[in-house]
Amino acid sequence: MVGPMRRLFRLIDRHRRLFAILGWACFALGCAIHARFIDLPDWAAIPFWVGVGATLARWAVIEPVRQRLAQDAAAEARHG
């Protein structure tokens, strides 16, 4: 289980700018829909909740694991 998770987090780390842009886009679109700046049906509020969930997952789960993996990689590079 460690191998696939490590590969997943390395992929996320490699493309973190893309994921950050997608998260901000979902958040901005969701805020515009919620504030009724954009007139869409109620089901279109899904991007807002996707953005909230992605942000929560990033800072609660993904970021601490990414930092730990970065520290492990730095320690491995120092020790051989």
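As a basis for the values below, the full set of heavy atoms in this structure was taken, side chains included, without hydrogen atoms, waters or symmetry mates. All figures in this text were calculated on a predicted structure; none of them were measured in a lab. Sequence positions, counted from 1, serve as the residue numbers for this chain.
Applying the side chain to side chain contact (heavy atoms under 4.5 Å, CB included) rule to Ala32 yields the partners Phe37, Ile38; only residues at least two apart in sequence or on another chain are considered. Contacts of Arg16 classified as side-chain hydrogen bond (donor to acceptor under 3.5 Å, both in side chains), with partners at least two apart in sequence or in another chain: Asp13.
Between Glu76 atom CD and Arg78 atom CZ the span is 10.5 Å, to the nearest 0.5 Å.
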